[in-house]
Structure formats: structure tokens, C-alpha cells
Amino acid sequence: MAAPKLDRNPSIRERVEDTLHAHRNELVALLSKYVSKGKGILQPHRILDTLDEVQVPGGSVFAEGPFLDILRSSQEAIVLPPFVAIAVRPRPGVWEFVRVNVNELNVEQLSVSEYLRFKEELVDGQHDNPYVLELDFEPFTALIPRPNRSSSIGNGVQFLNRHLSSVLFRNRDCLEPLLDFLREHRHKGHVMMLNDRIQSVGRLQSVLTKAEEHLSKLPADTPYSEFSNKFQEWGLEKGWGDTAEHVLEMMHLLLDVLQAPDPSTLENFLGRIPMIFNVVIVSPHGYFGQANVLGMPDTGGQIVYILDQVRALENEMVLRLKKQGLDVSPKILIVTRLIPDSKGTSCNQRLERITGTKHTFILRVPFRNENGILKKWISRFDVWPYLEKFAEDAAGEIAAELQGTPDFIIGNYSDGNLVASLLSYKMGITQCNIAHALEKTKYPDSDIYWKKFDEKYHFSCQFTADIIAMNNADFIITSTYQEIAGSKNTVGQYESHTAFTLPGLYRVVHGIDVFDPKFNIVSPGADMSIYFPYTEKDRRLTALHGSIESLLYDPEQNDVHIGHLDDRSKPILFSMARLDRVKNITGLVEAYSKNAKLREHVNLVVVAGFFDAKKSKDREEIEEIEKMHELIKTYDLFGQFRWISAQTNRAQNGELYRYIADTHGAFVQPALYEAFGLTVVEAMTCGLPTFATLHGGPAEIIEHGVSGFHIDPYHPDQAATLMADFFEQCKQDPNHWVKISERGLQRIYDKYTWKIYSERLMTLAGVYGFWKYVSKLERRETRRYLEMFYILKFRELVKSVPLSVDGAH
């Protein structure tokens, strides 16, 4: 009997050719329509919308079929008559490129390089220069194991553990690196885990068996000190645990790894090795402080995220070190910029302890130029000329504070990730990146048309810094899957860096692979001492209700609030964010203004920025302030709309969410794109039904129609109708509001807490610390390549950024 034949999936090119053969007229009509639009880039919605414009007999053949699947998977089309080139993404992380000559009706498959070169003709016209700088990181990562299913993206550590355990199981010699790794562990010169008496895996197993027998005879709570001398004679040092019970648990894990390793056991063991004592977290831009900073330029969710992160991280580190039997205090340093002209904040203080912690401090290091210390705030888009010197200065300050080097460094945003890369390279420590938001996806076509953006945003520097930092990091954590690989129909933030071009500078043919096991999803939570359900009456901050009522309803127009609410019986539709283009607060106000039904049901309250454009130094904020005032006048919002200036009191903000829940209102997050959506988590934690953008992280936080609602800010009329329908249904059935509120709260408890986050982050640091140790060769090659790119390209680009002049802001 013949073996069954395995069919090969046809390529995109073959499917286009088949469609061209079967439905020539229809396809020619469609492609001709694309060409008639002239030279340019067609976005996904325009690619599909053009189908409706094509009127040919039998045109309905595209209703369903392989070619419609191609169109639905297309992320962009480049039109350069008579050619149409299409970037097709059959699934997250997988791309193919085809080009059709509409005149000659021939189809060709393009490589990444060929597609990008064709795309560059939009800007440069035809060029024959074969010596364009191409960045290709694939040769350096080709031997690194990786999953191939899109559903596995973001689960890097699980895949890595499966790989490592299979390697350890396959060959006993592969256990030697694990032995060497355990023997390397020291803290301030003190040996931990193993000493020189154990020189082989066989000896280690023998000693562990002897120790196991000894411990089994002791009470579970026997302190380590009572058997430490005997253990030291055998070759075992501190770090196994604080009691006989905990030491025995750790030894059982290692014995299992040595005998028959499995992924779960390996992860548990590596996560419990005492490796992390001192952590540095880098976040240079904005006003990083604990009070009076929120709402200031470049100062928002990232600051809140890090402050909550370090409190949870310190608790977890203290807990682990105690359980490991070590009398050691951890230390966490948040390295940020010192700003002498600090606008009434603490940003001019070098060292500041984080409230609610014992071992965590903000360490501020100034930006310097040839004239000395830069005194004033500068935009996150303008920091690039200062970062290299900042990293050098920070290295010295960190060494002084820690009396040594840190064990682990975490970068934040593009500037922090670049500085973390420079420091980790210099210090030889494990690096984790957190993007928070990659600007490339916020500003469509900001790569191909980078020259249009560069004077204002300097994206050529930022995108270059991002590529360097992504490839230098040992691991990357994101809050959501969408940050990495988007969704079925949208490209992820990191995925957009897979291949792109900055015409005239360089071409990235393989920048980052979203299947790389360095990617892990670790979602943050809200500070539950501040954000808790409105139903917890005993915890409510009723002393703040007077000031909150004044904030919402006081008819006086001043620097804190403008506009007024005539009907206090209406629920409040509420939003709180920075006042910039991407946060889209003005888009929400406009959508509300145009929907009579929504205006009838609810009042709108927004907390955002300043009212007076003269008070802002942020370019985008000034534009948004002016737009907001225009909307108020155009749509006569007086009596239904309240605009409150940025509020920095987190305790009051937490009670504000709950106060609005008392009115049976709702929270709206209308951003054009939101990497995660911390305010979404805060609102849901307070029990407030939430509507949030489907572009980015909130699409994963909220289950649409179950624990909240997705809205599309690019279709504001539909979003406004959805909100109006919700409030109408709640008016008819008040229990509907309660149901959505309770389901939102349960979603938070299941997925989004800082306790879960800190446990996961510490485990990841252990696993990737081991992976870094056993894969030194590949990392060294990558880092040398990155070093060359940094010196030859990034340093030159930085020279194009004008240096800030104090007093010119």
C-alpha cells in the first residue's frame, strides 16, 4: 500500500497566480484600482475597502476563497505603477512578500531585502546602489532553539526549560555546566551552594544523597546553622535553605534534575538558586519621583508601574533570601535623571528612599554636556546625545552605592533599555528589557518616512536604539501578547521591528524574531492598597469625598477644573490620561460630543494635562490643549462636561474611581494604541465597568462583553454608540452594571496582581542567568556586532539631535 502523500501548502505567490488564472478579470480590476490610487502605501483597511469599489460581472468570487484570505492577511501594499507589492502575514510572526506587474500580469515572490528595496523607491525613486547597509541578526540566533507556533510566542521560559532539560537528559557531560554554574556563586566574596570539595557530578550526587539521609532524621524546622559545619565539610555552603525542610526540598529538586530532568523541576530549581541580591532599574526620562510628578511631561504610567514593581520585587527578594537561609539584605536602585530645575518635585535629590520599602532607592544622575550639568527637563525624544555619558556616570554611582556590581538590570522604554544595554555589556550582568511602548507602532510609516518625523521626534535615533537594546537583552518581558506579536489582524510592537527600512540610513532584514525564547509575558497589577473595590466600605477614604465632590461639581472655573455638570443625577463617564495625541482624550471628547444619546445618559469627566497651553512645554500636549478648547466651544459642552487638570495624588485618584463607581458610571481608555493599560487595571480593580481600546494590551485584559468592552478609537461613532447602549441597558436593568463590575474585578484577581508578577520576574532572572552562562559564545558574537553598529551608526545619528540649551524651553 502506497504511503499517503503529504500536501505542501501553496506559497502566497502560487495562490495569487492561481487566482489570476481562474479569475483574471476580477483580479485585474482590483489591482488596477490599487494602481489608480497612485504611488503610495495602502493600509489594511484600504486594501479591503477597495474590494467594494470594484464593479465587475461575477466579482463576488472574492467573497470567500484563498485570495480573500490573502487580502485579509495583508498588512500593507506598496503601489508604484505598474507594480503592486503586498506584505502578507498569514499568522503572527510569519511574513511573505509578493509583487504583481499589473500590465504584464506576472507574479514574483520577493525576499525581505527585495521588498524593502522596492518600498524605498517611494522615497528615493529607483536606485541602483548595491551597498546599502543591511542589518541581519539571524546568523547569530540561528542555533538558538525556538518554538514555531504563533500561540507559543511570549512563553519563552517554558520553551527554554524544555530545551535545557532535554539537553541535560541526553548527555551526562551536559550536566557539567550546571555544576560549574553552582560553584560560581558568590556574594561579596563568600562562597555559596558548593565549595571546592565537590569537583564532579558524581561527587555532587553522592554528597546530596548523604545530606538527604542526614536531613531526613532532623525535625523539619531545624535551622541551617545546626548542620552547616557538617555540610561545609562535605562541600555544601549556604544558600540551600533556612531550615531542614527547605534544604531538603532544594536538594530533591537538584537530584531530580541530575537523574531525570523535566522542565518544571528545572525551572523551580533555577528560580530558587540565590543569584539576585542587587537590582538596578533604569528609567532616565521624565520627572521620576514619588509625589507631585504625575501629569508632568513624559511622566505617567511608567513611573507608577516602576514604583509598584519595586515594592513587590523587594518583598519577593526579602522572602526568597530568608527562605534560602541567607542573612543578606537586598538592594534595588532606580537609576533616573537628576533635574536641578525640578519644578517643586524631589527630582533634584541624588538619593531618595521609596516609601513603604527598606532597601529600595531612587538614584538620580544628571545629564551632562560640554557646559556641565543640564538643569531643565528635556523631552524623551531629545535625550539621545546624553545617554552614553549618563551610562558612564551611572556606572560609577551604582558601584559606589552597592559597593560592587548589581546582579540584574532592568531597562525601561527606549532610553532606559539602551542605557541598560551599555551597563550590562560593561558589567557582564543579566539584562531584562521592558518597552512600555515602542514608538514605531504609534506613528504609522514613521520608518519609511523617517525624515518627515526626525526634526520633531528623532526616530532615527530611537529605532536604532531599540534594535540594539532588543538584541542585547537576555530576556524581554511584556505585559501582553499583543505587544510582541499583535493579533490576527494587527502587527505587534516588537513584530514591527522584524523588518523595516530607514531609507538612506540602513535596512533591517532581520531585526528581531518574535519566536525568540527571550520573550515572556508577565503582566503587572494595580497597587491594591490604593486601588480596591468600591464595595469595601470599611476601607473607603470618605475623608476625601468633600474634595472629590468639589473636583467634580464645584461651579467655580479655575486652574484645577473647568466646565460644569448641571445634572448630578447622571452617571459619570470618566477618563484619565496624559494629554497627548496617542492617548486620544480629545478623540473621546469629540465622540461624546457628537452622540446625542450618550450625552443624554451620562456626564463626561476627563482628568488630563493643563488647560493653559502656556504652562506646557510638551509639543503634543500644547496641540491637544488647543483642540480641547475648540471642542468645548464647537459642541457647547457646558453643563455636561468637566475637564480636570492632571491629578498626582494617587490615594485621591483611587477614591475618585470608586466615587464614580458609586454613580454607576464607567471608565474609558480611548488610546489609539496602548501597550498595556495600567489605568484599565486600576479602574477594574475599583469595580468600575471599563471600555478600552482594542489596539494593544487592553484587548487582552478585557474579555469583550464579559468583563468590560473593547472600543475602536478609529471608529469613534461606533464606540460612542456602544457606550450609550450600555448605559441605556443599565437604566432598564441596574443589575447589568453590577454584573460587568463583578466580572471585571474577578478578571483582575485571576490575572493581574503584583505578587504574581514579582514571583515570575525573579524566576525568569534565574533561568536566563543560567542560559546566559551556558551560551556565552553566541552572546559574545552578537554583542560585538551590536557594538560595531552602535559606534559606527548610532553615535553618528545622535550628532543630528540638537543639544538642549537651558532656558530655551
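What you see is a predicted model; the values in this text were computed from it and never measured.
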Under 3.5 Å, side chain of [X] to main-chain N/O of [Y], donor-acceptor pair present?
{"X": "Asp447", "Y": "Thr501", "result": "no"}
{"X": "His163", "Y": "Phe159", "result": "no"}
{"X": "Asp415", "Y": "Trp384", "result": "no"}
{"X": "Arg311", "Y": "Gln309", "result": "no"}
{"X": "Thr336", "Y": "Phe288", "result": "no"}
{"X": "Glu495", "Y": "Gly492", "result": "yes"}
{"X": "Trp771", "Y": "Leu160", "result": "no"}
{"X": "Glu316", "Y": "Ser758", "result": "no"}
{"X": "His704", "Y": "His710", "result": "yes"}

Nearest heavy-atom pair of [X] and [Y]: which atoms, and what distance?
{"X": "Leu179", "Y": "Val201", "result": "CD2-N, 3.7 Å"}
{"X": "Ile153", "Y": "Val514", "result": "CG2-O, 3.4 Å"}
{"X": "Pro524", "Y": "Trp754", "result": "CB-CH2, 3.3 Å"}
{"X": "Pro330", "Y": "Met317", "result": "CB-CE, 3.5 Å"}
{"X": "Phe794", "Y": "Ala465", "result": "CE1-CB, 3.9 Å"}
{"X": "Glu700", "Y": "Tyr752", "result": "O-OH, 3.6 Å"}

Set out, in order, the CA-CA distance, both residues' side-chain angles and the distance that settles ring pair (Phe, Tyr, Trp, His ring centres under 6.0 Å) for His695 and Tyr714, then state yes or no.
CA-CA 10 Å; His695 298 294; Tyr714 292 100; 5.2 Å; yes
Thr360 vs Glu314, test: side-chain hydrogen bond (donor to acceptor under 3.5 Å, both in side chains). Steps then yes/no.
CA-CA 7 Å; Thr360 303; Glu314 181 185 294; 2.7 Å; yes
Partner of Ile276 under side chain to side chain contact (heavy atoms under 4.5 Å, CB included), picked from Thr430, Asp407, Leu313, Leu761, is Asp407
Leu423: which of Ile398, Leu418, Val335 passes side chain to side chain contact (heavy atoms under 4.5 Å, CB included):
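Of the listed options, the one satisfying the test is Ile398.
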Kindly compute the distance separating [atom1] ([X]) from [atom2] ([Y]), expressed to the nearest 0.5 Å.
{"X": "Leu307", "Y": "Ser283", "atom1": "CG", "atom2": "OG", "value": "9.5 Å"}
{"X": "Leu254", "Y": "Leu266", "atom1": "CG", "atom2": "CG", "value": "10.0 Å"}
{"X": "Thr480", "Y": "Ile484", "atom1": "OG1", "atom2": "CD1", "value": "7.5 Å"}
{"X": "Met470", "Y": "Asn433", "atom1": "CE", "atom2": "CG", "value": "8.5 Å"}
{"X": "Asn471", "Y": "Ser421", "atom1": "CG", "atom2": "OG", "value": "9.5 Å"}
{"X": "Leu175", "Y": "Gln259", "atom1": "CG", "atom2": "CD", "value": "10.5 Å"}

Could you go through the side chain to side chain contact (heavy atoms under 4.5 Å, CB included) check for Thr498 and Asp513 one step at a time?
CA-CA 6 Å; Thr498 302; Asp513 184 354; over 6 Å; no
Give the ring-plane orientation class for Tyr457 versus Tyr443, where under 30° counts as parallel, over 60° as perpendicular and anything between as tilted.
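Correct class here is tilted.
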Give a yes or no on whether a salt bridge exists between [X] and [Y], defined as a side-chain N under 4.0 angstrom from a carboxylate O.
{"X": "Glu267", "Y": "Arg760", "value": "yes"}
{"X": "Arg337", "Y": "Asp298", "value": "no"}
{"X": "Asp466", "Y": "Lys440", "value": "no"}
{"X": "Arg380", "Y": "Glu439", "value": "yes"}
{"X": "Arg783", "Y": "Glu787", "value": "no"}

Taking atom types as modelled and ignoring hydrogens, do the side chains of [X] and [Y] form a donor-acceptor contact shorter than 3.5 angstrom?
{"X": "Tyr115", "Y": "Glu120", "answer": "no"}
{"X": "Trp95", "Y": "Gln75", "answer": "no"}
{"X": "Arg320", "Y": "Thr763", "answer": "yes"}
{"X": "Ser424", "Y": "Asn472", "answer": "yes"}
{"X": "Gln482", "Y": "Thr490", "answer": "no"}
{"X": "Asn520", "Y": "Tyr768", "answer": "yes"}

Run Asp262 and Thr265 through side-chain hydrogen bond (donor to acceptor under 3.5 Å, both in side chains) and show every step you take.
CA-CA 6 Å; Asp262 69 81; Thr265 304; 2.6 Å; yes
Working for salt bridge (Lys or Arg N to Asp or Glu O under 4.0 Å), residues Glu108 and Arg13
CA-CA 6 Å; Glu108 56 185 322; Arg13 178 184 62 81; over 6 Å; no
Have a look at Phe789 and tell me which of Tyr506, Phe140, Phe137 forms a ring pair (Phe, Tyr, Trp, His ring centres under 6.0 Å) with it.
Tyr506
Passing candidate, ring pair (Phe, Tyr, Trp, His ring centres under 6.0 Å) with His436, options Tyr305, Tyr673, Tyr413, Phe676
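The residue from Tyr305, Tyr673, Tyr413, Phe676 that satisfies ring pair (Phe, Tyr, Trp, His ring centres under 6.0 Å) with His436 turns out to be Tyr305.
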Kindly confirm or rule out a cation-pi arrangement of Lys331 over Phe277, judged by NZ or CZ under 6.0 Å from the six-membered ring centre and within 45° of its axis?
no
Hey, mind stepping through Glu76 and Lys119 against salt bridge (Lys or Arg N to Asp or Glu O under 4.0 Å) and telling me if it holds?
CA-CA 11 Å; Glu76 67 178 16; Lys119 188 175 181 178; 3.0 Å; yes
Side-chain contact, heavy-atom cut-off 4.5 Å: Cys432 with Leu764?
no
Quick one, Arg747 and Glu703 - any side-chain contact, counting heavy atoms below 4.5 Å?
yes
Intermediate values then yes/no, side-chain hydrogen bond (donor to acceptor under 3.5 Å, both in side chains), Glu96 and Ser11:
CA-CA 8 Å; Glu96 289 187 54; Ser11 69; 4.9 Å; no
Check against salt bridge (Lys or Arg N to Asp or Glu O under 4.0 Å), Asp474 and Lys518:
CA-CA 6 Å; Asp474 296 293; Lys518 69 168 61 179; over 6 Å; no
May I ask you to check whether His458 and Phe453 place their ring centers less than 6.0 Å from one another?
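No, they do not, as the ring centres are separated by 6.0 Å or more.
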Would you say Arg91 has more than 12 foreign heavy atoms packed within less than 6.0 Å of its CZ?
yes
List the steps, then state whether side-chain hydrogen bond (donor to acceptor under 3.5 Å, both in side chains) holds for Glu674 with Thr693.
CA-CA 7 Å; Glu674 184 64 45; Thr693 179; over 6 Å; no
